[in-house]
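Shown next, in structure tokens, is the structure this report addresses.
Throughout, residue positions are numbered sequentially from 1 according to the sequence presented.
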Amino acid sequence: MKKSLYIFFLICTILMIAGCATTSKQTSEEDSQYPTTLGNFSPFKLGDAISLWKNGDDVSPCEMELFCVPRTNKIEIYFRSSIDKVCLMMDAKDCATFDENLMKYMNDYNEGNFDKNHKPKKDNSYGVMETSVSWGVFGYGSYNADIKVRFNYEIIGGKPYFSMSMEQGLAKGQTDIYSPKMTMYFSPSQLETIKEITDPEIIMAHIKELETEAYEFNYQF
């Protein structure tokens, strides 16, 4: 089971690092590696996923909805944290960073390298992602902030969960309002669900269908 999960994640990561899409015009090497748009199309839902919150020794589910935003080539993850509605917005570079750290976790999972006494800290994290988040009590877009996300693992109930800790960031245009501090926890099967519904090949197949519907015109003089 461990080996099959590892192979699945390795294949998905290779696909993601290779790039989710290409664009007709790219102005820099980074633009070429991480395209900033997939086309002038409206966001579409990729699927639902689940992670966990932890409060002391108690855990509770965090239900998430994932969307692809073609105009900005971002994956947006919508969920609730306490009273706030939150949206985590990951561009192509963020997705590659997420995958890189996920693979470090899966390597540890496959090799059995976890320490049962491990305590997550900044200096023993897998890595850091710089991304953006929006949130609000009455709506997702009340405030926006740039944040850092640290990846690690944490032992919960004797099991090593992949952790994604979102640090607080100052809301844009504000002086004393900060984004909520949150940590999500994922089992390997929950990560597999996320990888399946964000598969670049599936996303690009849908984009191709949209392009065909929008632009195909078979006529010759």
Side-chain angles (χ1 to χ4, degrees), residues 20 34-99 101-102 120 122 125 128-152 154 156 161-187 190-191 193-199 202-203 206-207 210:
C20 295
Y34 305 115
T36 57
T37 182
L38 299 181
N40 190 22
F41 300 108
S42 298
F44 56 89
K45 187 173 181 178
L46 298 172
D48 298 318
I50 197 164
S51 63
L52 295 175
W53 299 120
K54 183 171 78 75
N55 183 13
D57 294 330
D58 297 327
V59 295
S60 58
C62 172
E63 297 174 284
M64 303 175 290
E65 292 183 300
L66 284 74
F67 288 81
C68 174
V69 185
R71 293 187 179 96
T72 56
N73 193 15
K74 290 185 178 182
I75 299 294
E76 294 187 348
I77 305 175
Y78 292 84
F79 57 93
R80 280 186 173 273
S81 174
S82 185
I83 62 172
D84 288 310
K85 296 180 177 180
V86 183
C87 175
L88 184 66
M89 297 168 283
M90 297 169 55
D91 62 20
K93 186 175 182 179
D94 296 333
C95 290
T97 301
F98 178 88
D99 285 341
N101 288 280
L102 184 155
K122 287 184 178 181
S125 65
V128 179
M129 174 178 73
E130 295 185 0
T131 188
S132 57
V133 66
S134 65
W135 76 97
V137 174
F138 301 108
Y140 293 100
S142 299
Y143 302 103
N144 294 271
D146 296 325
I147 63 170
K148 288 184 178 181
V149 179
R150 295 187 184 275
F151 301 99
N152 211 316
E154 186 170 336
I156 303 175
Y161 282 81
F162 182 69
S163 64
M164 187 171 76
S165 298
M166 290 161 268
E167 299 181 355
Q168 288 183 307
L170 180 64
K172 296 178 180 179
Q174 304 294 323
T175 59
D176 58 357
I177 297 177
Y178 291 83
S179 61
K181 186 177 182 179
M182 305 167 285
T183 300
M184 287 180 171
Y185 301 92
F186 301 86
S187 68
Q190 290 166 346
L191 291 171
T193 297
I194 291 175
K195 293 300 299 181
E196 286 176 343
I197 63 179
T198 59
D199 185 335
I202 295 176
I203 292 175
H206 185 67
I207 294 293
L210 293 173

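Here the straight-line distance linking atom OH of Y140 with atom CD of E76 works out to 11.0 Å at 0.5 Å rounding. With values rounded to the nearest 0.5 angstrom, C62 atom SG is found 8.0 Å from I50 atom CD1. Residue S142 holds its OG atom at 9.5 Å from CH2 of W135, rounded to the nearest 0.5 Å. Distance NZ/K195 to CZ/F98: 7.0 Å, rounded to 0.5 Å. Here OG of S165 is found 10.0 Å from CE of M182. Values are rounded to the nearest 0.5 Å. For the atom pair N152 CG and N101 CG, the distance stands at 9.5 Å (nearest 0.5 Å).
The side chain to side chain donor-acceptor pair (under 3.5 Å) with T131 is formed by just one residue from the set D91, D146, D94; it is D94. Looking at L46, I197, V69 one by one, the single match for side-chain contact (heavy atoms from CB on, under 4.5 Å) with I75 turns out to be L46. The residue from F44, Y78, F41 that alone fulfils the ring pair (Phe, Tyr, Trp, His ring centres under 6.0 Å) condition with F67 is Y78.
Remark: side-chain polar atoms of S81 are not paired, donor with acceptor, to backbone N or O of D84 under 3.5 angstrom. With hydrogens and angles ignored, the 3.5 Å screen pairs a side-chain donor or acceptor of T37 with a backbone N or O of R71. Between the N73 side chain and the P35 main chain, a donor and an acceptor come within less than 3.5 Å of each other.
Using a 4.5 Å cut-off on side-chain heavy atoms (C-beta onward), L88 and M64 make no contact. For the pair H206 and L210, the minimum side-chain heavy-atom distance is below 4.5 Å.
When all heavy atoms of S179 and Q168 are compared, the pair lying nearest together is O-CG, 3.0 Å. Nearest approach of R150 to S125, heavy atoms of both residues: NH1-OG, 4.4 Å. When all heavy atoms of V133 and I147 are compared, the closest pair comes out as CG1-CG2, 3.7 Å. Of all heavy-atom pairs spanning P43 and P70, the tightest one is CA-CD, 3.9 Å. Scanning both residues, M89 and C87, for their nearest heavy atoms gives CG-SG, 3.7 Å. Of all heavy-atom pairs spanning I203 and C68, the tightest one is CG2-SG, 3.9 Å.
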Given the rule in the side-chain contact (heavy atoms from CB on, under 4.5 Å) test, do I156 and K54 qualify, once you have shown the distances and angles that lead to the verdict? CA-CA 9 Å; I156 303 175; K54 183 171 78 75; 3.7 Å; yes

side-chain contact (heavy atoms from CB on, under 4.5 Å) for V59 and Y185? Distances and angles first, verdict last. CA-CA 9 Å; V59 295; Y185 301 92; over 6 Å; no

Could you walk me through whether T198 and M90 pass the side-chain contact (heavy atoms from CB on, under 4.5 Å) check? CA-CA 12 Å; T198 59; M90 297 169 55; over 6 Å; no

Please step through side-chain contact (heavy atoms from CB on, under 4.5 Å) for the pair V86 and M166, ending with a clear verdict. CA-CA 12 Å; V86 183; M166 290 161 268; 5.8 Å; no

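In this pair, F79 and W53 present their aromatic rings tilted. The plane angle is within the 30 to 60° band. The aromatic rings of F162 and F186 sit tilted relative to each other, their planes meeting at an angle between 30° and 60°.
For Y178 and Y143, the distance between ring centers is not under 6.0 angstrom.
Counted within 6.0 Å of CD on E63, heavy atoms from surrounding residues, nucleotides or ligands total 12 or fewer; the atom is thus considered open. Within a 6.0 Å radius of NZ in K148, no more than 12 heavy atoms belonging to other residues, nucleotides or ligands are found.
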